[in-house]
*Asks:* 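Pasting in a structure now, in structure tokens, and then I'll have a few things to ask.
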Amino acid sequence: MDKKLRSIEMSCTAQGILVTAFLVLFMFCGDAFGSSKCKRRIDLGFVIDRSASMGEKNFKYIKKFVQDVIKQFAVSSDGTRVGVIPFSHYYKVAIKFDQFSDLGELSKAVDNLPYEGAGSSLSSALRVTQVELFNPENGARAKIGTKDKTEIDEVLQAVVVVTDGGSSTGIDSLLHSAETLKDSGKRVFVVGLGKHEYIKNLKMMASEPEGNHCFVVKKGEELSKVTAKLTKAICNDIKPEMKEFSVTENNQVLTSQQYQTK
């Protein structure tokens, strides 16, 4: 009987040691257990639809979706910075890139964004994204940085657009705003929410390849299915390269630059 008790005690002690060791490893080596966040340096902008066609209920789901996505990134002043532009008839930068470096405070700010429920100025919101959100005055960083005269990791400039794809200014204006945004080196990820009647608009806004940059769901509660796919796509996305090209016009060589990958 004593031998059995000692055997049980030894077994329990061994199990306790293993559990303790596992907890210690998890605390200090969380990456090995899949708990790591994306540690890439990213200026991550969200353009979110709060128009009447989207509806207040779906807008709440969109805010929850944004909160779930940003949890997957290492939010800090030197890691991932997050900015937000909600849009309906009105549109403006509601959260600047340098406004929050604490995930909890950032999440509360997203939750406090009000619903508007008017028309959809999606085209204008994309234009403001390029001109105002990705402006150094609002915390946007240079794509290539230096520290102590040494080049440091490039900052990926990414935009997540959550919308049904409708725009009151028409498709031509939307196309121009989307192409201009991508031409400036921004990687555009589109999450379509709704009946998909504007599916062409959604695909047109997204960067290439479409499979990694355009996701669609019909209901707000289905957005959670996209979180992991979107996070992985952003974290592993390519860095657009600026390339110079020349054009001859009236015997003059004109030189220009543009990002080759959209």
Side-chain angles (χ1 to χ4, degrees), residues 44-69 83-94 110 113-134 157-184 186-231 233-234 237 261-262:
L44 181 57
F46 288 87
V47 181
I48 57 177
D49 194 335
R50 59 178 177 184
S51 66
S53 62
M54 183 55 66
E56 187 171 6
K57 183 179 179 181
N58 275 337
F59 184 62
K60 290 180 180 178
Y61 279 117
I62 290 174
K63 292 194 292 183
K64 178 65 167 58
F65 175 66
V66 173
Q67 291 171 319
D68 289 342
V69 171
V84 182
I85 294 181
F87 73 92
S88 180
H89 176 72
Y90 298 101
Y91 44 88
K92 67 176 182 178
V93 177
V110 171
L113 294 173
Y115 174 67
E116 184 181 326
S120 176
S121 298
L122 175 56
S123 174
S124 299
L126 293 183
R127 189 164 59 251
V128 169
T129 299
Q130 180 192 348
V131 177
E132 295 186 22
L133 181 60
F134 283 91
Q157 295 181 332
V159 182
V160 177
V161 185
V162 188
T163 179
D164 59 9
S167 181
S168 58
T169 54
I171 190 170
D172 290 339
S173 176
L174 181 59
L175 174 62
H176 180 265
S177 294
E179 290 299 302
T180 302
L181 184 63
K182 289 183 285 188
D183 283 342
S184 68
K186 314 299 183 291
R187 299 293 284 166
V188 181
F189 299 81
V190 177
V191 180
L193 171 57
K195 298 178 181 179
H196 307 160
E197 56 186 309
Y198 300 107
I199 190 67
K200 289 183 179 179
N201 291 6
L202 299 174
K203 292 181 178 181
M204 172 268 294
M205 285 188 289
S207 293
E208 299 175 358
E210 180 186 305
N212 291 339
H213 296 84
C214 187
F215 310 87
V216 291
V217 296
K218 290 184 178 180
K219 300 178 181 179
E221 52 264 42
E222 295 176 351
L223 284 170
S224 58
K225 298 178 182 179
V226 178
T227 304
K229 294 178 183 178
L230 176 64
T231 301
I234 295 172
D237 202 32
T261 303
K262 294 184 179 181

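Because the structure is a prediction, the values reported are computed rather than measured. One-based numbering along the sequence shown.
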*Asks:* First locate atom OG of Ser51, then atom OH of Tyr115, and finally report the distance between them rounded to the nearest 0.5 Å.
*Replies:* 6.5 Å
*Asks:* Would you compute the distance between atom OG1 of Thr129 and atom CZ of Phe87 and round it to the nearest 0.5 angstrom?
*Replies:* 9.0 Å
*Asks:* Has the side chain of Ser88 got a donor or acceptor atom that lies under 3.5 Å from a matching backbone atom of Ala118?
*Replies:* yes
*Asks:* Measuring from atom CG of Leu175 to atom CE of Met205, what distance do you get when rounded to the nearest 0.5 angstrom?
*Replies:* 10.5 Å
*Asks:* Are the side chain of Ser184 and the backbone of Leu181 linked by a donor-acceptor contact shorter than 3.5 Å?
*Replies:* yes
*Asks:* Backbone N or O of Val159 within a donor-acceptor pair of the Lys186 side chain at under 3.5 Å?
*Replies:* no
*Asks:* Measure the CG-NZ distance between Leu174 and Lys200 for me, rounded to the nearest 0.5 Å.
*Replies:* 14.0 Å
*Asks:* Does His176, at its NE2 atom, have more than 12 non-hydrogen atoms belonging to other residues, nucleotides or ligands within less than 6.0 Å?
*Replies:* no
*Asks:* Under 3.5 Å, side chain of Ser121 to main-chain N/O of His89, donor-acceptor pair present?
*Replies:* yes
*Asks:* Roughly how far, to the nearest 0.5 Å, is CD1 of Ile48 from CD1 of Ile62?
*Replies:* 6.5 Å
*Asks:* Are the side chain of Ser123 and the backbone N or O of Ser173 linked by a donor-acceptor pair below 3.5 Å?
*Replies:* yes
*Asks:* Any side-chain donor-acceptor pair under 3.5 Å between Ser53 and Asp164?
*Replies:* yes
*Asks:* To check you understand the geometry: which heavy-atom pair defines the closest contact between Phe59 and Pro114, and what is its length?
*Replies:* CE2-O, 3.5 Å
*Asks:* When the side chains of residues 212-219 are checked against the rest of the protein, which donor-acceptor pairs come out under 3.5 Å, sequence neighbours left out?
*Replies:*
{"residue": "His213", "atom": "ND1", "partner": "Pro209", "partner atom": "O", "Å": "2.8"}
{"residue": "His213", "atom": "NE2", "partner": "Arg187", "partner atom": "NH2", "Å": "3.2"}
{"residue": "His213", "atom": "NE2", "partner": "Asp237", "partner atom": "OD1", "Å": "3.1"}

*Asks:* Compare every heavy atom of Asp49 with every heavy atom of Met54, then report the nearest pair and how far apart it is.
*Replies:* CG-O, 3.5 Å
*Asks:* Show the numbers, then the answer: is there a side-chain contact (heavy atoms from CB on, under 4.5 Å) between Leu230 and Val69?
*Replies:* CA-CA 8 Å; Leu230 176 64; Val69 171; 4.1 Å; yes
*Asks:* What are the two closest heavy atoms between Ile85 and Lys92, and how far apart are they?
*Replies:* CG2-O, 3.4 Å
*Asks:* Distance-only, no hydrogens or angles: does the Tyr61 side chain make a donor-acceptor pair with backbone N or O of Glu56 under 3.5 Å?
*Replies:* no
*Asks:* Without swapping roles, check the side chain of Ser120 against the backbone of Gly166 for a donor-acceptor pair under 3.5 Å.
*Replies:* yes
*Asks:* Considering all heavy atoms of both residues, which atom of Ala178 and which atom of Met204 are nearest to each other, and what is their separation?
*Replies:* CB-SD, 4.0 Å
*Asks:* Please name the pair of heavy atoms, one in Gly220 and one in Leu193, separated by the smallest distance, quoted to 0.1 Å.
*Replies:* N-CD1, 3.5 Å
*Asks:* If you look at every heavy atom in Ser177 and Leu126, which pair is closest and at what distance?
*Replies:* CB-CB, 4.0 Å
*Asks:* Should Asn201 and Thr163 count as side-chain neighbours, where that means a heavy-atom distance under 4.5 Å?
*Replies:* no
*Asks:* State the CG-CD distance between Leu223 and Glu221, to the nearest 0.5 angstrom.
*Replies:* 8.5 Å
